[in-house]
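Working notes for the structure below.
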2 protein chains.
Amino acid sequence: MIEYIILGLLMEGDMSGYEMKKTIDLSVGMFYKASYGSLYPALKRMTEKEWVSVTEEEGSSKNKKIYSLLPEGRSRFLQWLGEPLTLDRNELLLRVFFYDYLDGDTRRLRLQECRYNLDHEIGRLQAVEQIVAGELAEIPDPQNHFFRVSVLSYGKHFFQMLKDYVDQLLKGVETNHENNGQTGKP
Amino acid sequence: MIEYIILGLLMEGDMSGYEMKKTIDLSVGMFYKASYGSLYPALKRMTEKEWVSVTEEEGSSKNKKIYSLLPEGRSRFLQWLGEPLTLDRNELLLRVFFYDYLDGDTRRLRLQECRYNLDHEIGRLQAVEQIVAGELAEIPDPQNHFFRVSVLSYGKHFFQMLKDYVDQLLKGVETNHENNGQTGKP
DNA sequence: GCCTGCATGTAACTGGTTACATGATTGC
DNA sequence: GCAATCATGTAACCAGTTACATGCAGGC
């Protein structure tokens with residue numbers, strides 16, 4: 001996971017590990033926590049795989065390593081980006097965050113797929129909610145289940161909100177029709 | 001994590017590992033995925049720690065193990081339940097799901113703490129959003145950052161929604177004042 | 001006889017976290 | 001001179017997934 005986030009950041013331009021951590025905290029930090037213990041080993045692996053290259057900044061004697069995207073890293077990133085969006089919320093937003101780099105067609109397809117799955121999931125949750133409501137009507141102390149019922153209904157609301165959001169994204173790209181996937185450094 | 005969910009399920013009544021998995025999938029499954037590979041080893045550990053006891057159903061020759069809550073497991077569960085709610089969304093909803101078992105005072109305190117933290121976080125996100133808006137105004141192609149800006153604003157909406165939800169919970173317990181923490185099997 | 005669902009489990013692996021260790025630079 | 005922050009890294013650990021292995025029961 002962290003490897004693709006790193007690649008996504010490097011699409012913007014070169015960066016050090018330390019800067020990456022700060023950037024992640026400020027941007028996708030809400031739904032992805034990066035720690036140095038995962039970041040640095042990832043950079044090492046990716047250098048070995050030749051997804052990125054590293055330049056030591058020698059002039060400033062600052063022990064600073066600047067990483068750059070190599071062609072292999074770039075193509076791996078774009079391949080990952082175009083994979084279907086899963087409802088595993090975390091990956092969904094992480095991918096969408098980089099969607100400016102994805103070509104317009106795949107983008108539309110993925111968002112529509114996702115919208116369809118969300119609809120399906122909302123329906124399922126509605127069914128579960130009704131089963132629970134039925135069970136609740138038959139027990140003597142329904143008020144003692146206040147929290148678990150509310151968490152359940154929160155789930156439905158949450159997915160509904162996500163669906164509204166995906167709709168908004170689909171509408172957004174339609175309006176913003178100039179934007180059809182960038183080649184780098186948007 | 002999974003250990004506390006298991007304890008929470010056993011507060012309801014005895015259950016087998018297989019039933020637990022099904023129950024989790026149907027209830028907290030939205031924000032917590034349980035696999036047998038984590039479930040069964042957890043049950044083994046918890047039996048060794050004497051948090052739960054196990055009874056083999058012999059009559060039916062069905063190789064079925066029914067787990068029950070032991071006093072140590074019960075007190076561990078209640079202790080976990082009363083810990084502060086973190087904004088790490090996952091744990092938040094997981095804990096709240098079992099909040100019917102928590103005493104009314106701790107419950108109110110935790111929800112209010114959480115509300116306060118959410119307010120703080122929303123403020124921080126608003127600030128980040130404004131910084132980004134400022135940066136965006138200075139670049140020539142703002143439409144190429146549509147997705148990352150929208151994910152950012154989604155984050156704010158999400159936290160706002162979560163805050164509204166916590167408010168609703170606080171209001172709910174006020175109305176539902178009979179519900180002041182259950183002792184088991186609600 | 002076979003497929004589906006109930007039922008339990010393990011081993012290898014993965015993707016992290018936590019805590020620690022180190023050192024240079026900058027601002028007060 | 002001292003604290004904060006920039007900057008990199010490792011080792012031990014942990015929680016969980018994936019894939020596999022097994023077997024019984026019930027319905028068609």
Side-chain angles (χ1 to χ4, degrees), chain A residues 1-7 9 14-26 28-29 31-49 51-68 76 80 86-91 94, chain B residues 1-9 14-26 28-49 51-68 76 80 86-91 94:
Chain A
M1 189 76 286
I2 198 169
E3 301 196 353
Y4 293 102
I5 298 168
I6 290 172
L7 293 175
L9 294 178
D14 302 350
M15 223 182 265
S16 70
Y18 190 80
E19 287 173 291
M20 285 175 199
K21 163 98 167 95
K22 293 199 78 180
T23 311
I24 290 170
D25 288 347
L26 266 174
V28 284
F31 38 90
Y32 190 88
K33 308 281 166 221
S35 67
Y36 290 123
S38 65
L39 192 60
Y40 285 115
L43 286 168
K44 201 178 177 184
R45 286 197 304 273
M46 292 163 81
T47 309
E48 280 159 16
K49 286 191 283 192
W51 290 16
V52 299
S53 66
V54 61
T55 327
E56 246 142 309
E57 220 165 58
E58 290 171 66
S60 52
S61 79
K62 239 191 157 189
N63 184 31
K64 196 174 169 179
K65 293 181 175 178
I66 305 293
Y67 292 88
S68 315
R76 294 280 180 162
W80 169 79
T86 63
L87 287 193
D88 181 357
R89 184 205 87 289
N90 242 343
E91 255 206 78
L94 231 34
Chain B
M1 189 74 288
I2 198 170
E3 303 197 352
Y4 293 104
I5 298 168
I6 290 172
L7 292 176
L9 294 179
D14 303 351
M15 222 182 264
S16 71
Y18 191 79
E19 287 173 291
M20 286 176 198
K21 164 95 166 95
K22 293 199 78 178
T23 310
I24 290 169
D25 289 347
L26 265 175
V28 286
M30 225 169 307
F31 37 89
Y32 190 88
K33 308 280 168 221
S35 68
Y36 291 124
S38 65
L39 192 61
Y40 285 115
L43 286 169
K44 200 178 176 183
R45 286 196 305 272
M46 291 162 83
T47 308
E48 280 160 15
K49 286 192 282 191
W51 290 15
V52 300
S53 66
V54 61
T55 326
E56 247 143 306
E57 222 166 56
E58 291 172 66
S60 52
S61 79
K62 239 190 157 186
N63 185 28
K64 195 175 170 180
K65 293 181 177 181
I66 305 294
Y67 293 88
S68 315
R76 293 282 180 160
W80 169 79
T86 62
L87 287 194
D88 181 357
R89 183 206 87 287
N90 242 343
E91 254 206 79
L94 231 35

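Proteins come first, then strands; the chains are lettered A, B, ... in the order of their sequence lines, and each starts at number 1.
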Please report the interatomic distance CD(B/E56) to CD1(B/I66), rounded to the nearest 0.5 Å. 10.5 Å

Picking from C/dT17, C/dC6, D/dG16, the nucleotide nearest the side-chain atoms of B/I2 would be D/dG16

Protein-nucleotides 9-11 of chain C N/O pairs closer than 3.5 Å?
from   : atom 1 : to    : atom 2 : distance (Å)
C/dG9  : OP1    : B/K65 : NZ     : 2.2
C/dT10 : OP1    : B/K44 : NZ     : 3.2

In chain order, what residues pass the ring pair (Phe, Tyr, Trp, His ring centres under 6.0 Å) check against B/Y40, with sequence neighbours excluded? B/Y36

For the pair made of CD in A/E19 and P in D/dT5, what is the distance, rounded to whole Å? 17 Å

Can you measure from CE (A/M15) to CG (A/L9) and round to the nearest 0.5 angstrom? 5.0 Å

What's the CD-C1' distance between A/E3 and C/dG16, to the nearest Å? 12 Å

C/dA7 P sits how many Å from B/M20 CE, rounded? 12 Å

Nearest-angstrom distance from the residue atom CD1 of A/I5 to C1' of C/dG15: 12 Å

Counting only side-chain N and O atoms of B/S38, is one of them less than 4.0 Å from OP1 or OP2 of D/dA15? no

Distance below 4.0 Å between B/K22 side-chain N/O and C/dC6 OP1 or OP2: yes

Within the structure shown, what part of the strands sits under 4.0 Å from A/K21 by heavy-atom distance: base, sugar-phosphate, or nothing? nothing

Listed nucleotide nearest any side-chain atom of A/Y18, set D/dT5, C/dT8, C/dG16: D/dT5

Can you check whether B/S35 has a side-chain N or O nearer than 4.0 Å to OP1 or OP2 of D/dG16? no

Axis deviation across the helix from C/dG1-D/dC28 to C/dC28-D/dG1, five-pair ends, to the nearest 10°: 30°

Rounding to a whole Å, what distance do you find between A/D88:CG and C/dG15:P? 14 Å

Answer whether the closest heavy-atom distance between the side chains of B/Y67 and B/M46 falls below 4.5 Å. no

Would you say B/E3 and B/W80 make side-chain contact, with heavy atoms under 4.5 Å? no

Minimum heavy-atom separation for A/L43 to A/T47, with atom names? O-OG1, 2.6 Å

Starting at CG of A/L39, measure out to CD1 of A/I6 and round the result to the nearest 0.5 Å. 5.0 Å

For A/K64 and C/dA24, is the shortest distance between a side-chain N/O and OP1 or OP2 below 4.0 Å? no

May I have the distance from A/R45 (atom CZ) to C/dG15 (atom P), rounded to whole angstrom? 7 Å

Rounded to whole angstroms, how far apart are CG on A/L94 and P on C/dG15? 14 Å

Measure from CE on A/M1 to P on C/dT17 and round the result to the nearest Å. 13 Å

Nearest atoms (heavy-atom pairs only) where B/D25 meets B/A34: OD1-O, 4.4 Å

In this structure, CD of B/E91 is separated from CZ of B/F31 (nearest 0.5 Å) by 12.0 Å

B/E19 and B/K64: side-chain contact (heavy atoms from CB on, under 4.5 Å), yes or no, with the steps? CA-CA 11 Å; B/E19 287 173 291; B/K64 195 175 170 180; 4.3 Å; yes

